[in-house]
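Quick caveat: nothing in here was measured; it's all calculated off a predicted structure. Each ligand, and each atom within it, is numbered from 1 in the order the structure gives.
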Amino acid sequence: MLNGRRVLLAVTGGVAAYKSAFLARRLVEAGVDLEVILTDSATEFIGTQTFAAITGRQPHRSLFEDESVSPHTELARWSDAVVVAPATAATIARIANGVSSDLLTATLLATEAPVLLAPAMHTEMWEHVATRRNIETLVEDGYRLVGPETGELAGGDIGVGRVSEPEQIIEALEALFDQSGGGRRLVVTAGGTREPIDPVRFLGNRSSGKMGHAIADEAARRGFHTTLVTTSDLPALPSVKVVRVETAAEMQSAVLEEEADVAVFAAAVADFRPAEVFGEKVARADGMSSITLQSTPDILASVVGRQNRPFVVGFAAETGGVERAIEKARAKKVDLLVYNNVSEPGSSFGSDTNEVVIIDSGGQTDPWPLMSKREVARKLVDLILTTIDPQG
Ligand code: C5P
């Protein structure tokens, strides 16, 4: 899986830097086309010649002393993936804040390649509120993490903060290249629909679109041809085809235009819309004592009812227990239903985290612990893949 891949290994200044020489060696053995960046502090722990001897190329050291006039953008474009190992607390803080103060951080800011971080630091630093915040930001921004592990640290301390072993880092790197979506087509809906009352007012809901956007990004990373039909302005990866819509009706026509193997309905679709939409803004003086509503189309049902229906994943945002969602999974004939209780603080609309229960078509439930929406997206795409293709 790694043979022929262009990997940029960035080594930062921690005592675990010596382990990255073993990692570099293993990557070269696996057929990786390897370039190395060493930060200034990395060279306090390990020499450039070590990496030059292992890779057959001089490591890159600086924005200004490289042969290239723009080493950061060249390395950024060249890389299929970037591994930062070890990643110190200082480097993690810089990356999380978009600081571009040296060759490594400038390259990371310029690259669209997936980035894997292998943190290494003392337990106190790993557990510091600032590091916690930075790690959360990085996970939210789509960076992948491997480790840190628990074990012996520099100076004889024992705790969490030990860099992962080369084998674990290589396994995590292989997962970055996992293209098991294999060109299948996936459509995902996201955000809350807005149903107009007049040109300035609408009926809406609090859905942010974060969950659906995270699913679209993850699916695209895993090789699905991904279309995201969304009401949200949140960004999506360049490889995701984004169709911005506003109303349930627009969302339905955009979804029905897509031929899909997998359809994920993460949007909070308004169930009702104003029966009459005023052409002009209704003046306060004219008053509006009531709004007559009519049902919106059920987008999910229209896809489930199709011949050759795709694999369908529904979402059930509830404010009560899971029972209603189990009934909904059956009634809506979905292949998987993701239940979350939006009245819980960690699972509310707009939150970066989600605590969900997965319900399969037979009504079996699997509660997942509280995790970031990115992690839920990752696990959900895994589950979709293993359910549609159990042989892998
Ligand atoms: O609103 P409800 O909880 O019934 O939504 C269940 C699922 O159906 C969700 O996945 C939602 O995106 C989808 N849905 C839809 N069109 C609607 C209402 C809901 O696609 N009009």
Please write down residue, atom name and distance for the protein heavy atom closest to [atom].
| atom | answer |
| --- | --- |
| atom 16 (N) of ligand 1 | I299 N, 3.0 Å |
| atom 20 (O) of ligand 1 | L300 N, 2.9 Å |
| atom 19 (C) of ligand 1 | K332 NZ, 3.7 Å |
| atom 21 (N) of ligand 1 | P297 O, 2.8 Å |
| atom 7 (C) of ligand 1 | F315 O, 3.2 Å |

Point to revise | Contact check: F265 vs ligand 1, nitrogen or oxygen atoms, below 3.5 angstrom | key: yes
Atom indices of ligand 1, in the order listed, that fall short of 4.0 Å to a heavy atom of [X]:
| X | answer |
| --- | --- |
| A267 | 11 (C), 12 (O) |
| G314 | 10 (O) |
| T296 | 21 (N) |
| D271 | 18 (C) |

Check your understanding: Are any of the side-chain nitrogens in R374 or D217 under 4.0 Å away from the carboxylate oxygens of its partner?
Key -> yes
Study note, to complete from the structure: Of E375, E171, E218, the one forming a salt bridge (Lys or Arg N to Asp or Glu O under 4.0 Å) with R144 is E218
Exercise for review: Grab the two heavy atoms, one from S351 and one from K210, that are nearest each other, plus how far apart they are.
Suggested key: O-CD, 3.7 Å
Exercise for review: Start with the C-alpha distance between R184 and H225, add both sets of side-chain angles, then the distance that settles side-chain contact (heavy atoms from CB on, under 4.5 Å), and finish with yes or no.
Suggested key: CA-CA 6 Å; R184 289 187 182 92; H225 291 301; over 6 Å; no
Point to revise | Any K328 heavy atom less than 4.0 Å to ligand 1 | key: yes
Check your understanding: With a 4.0 Å cut-off on heavy atoms, is A317 touching ligand 1?
Key -> no
Review point. Is there a side-chain contact between R222 and L385, using heavy atoms and a 4.5 Å cut-off?
Key: yes
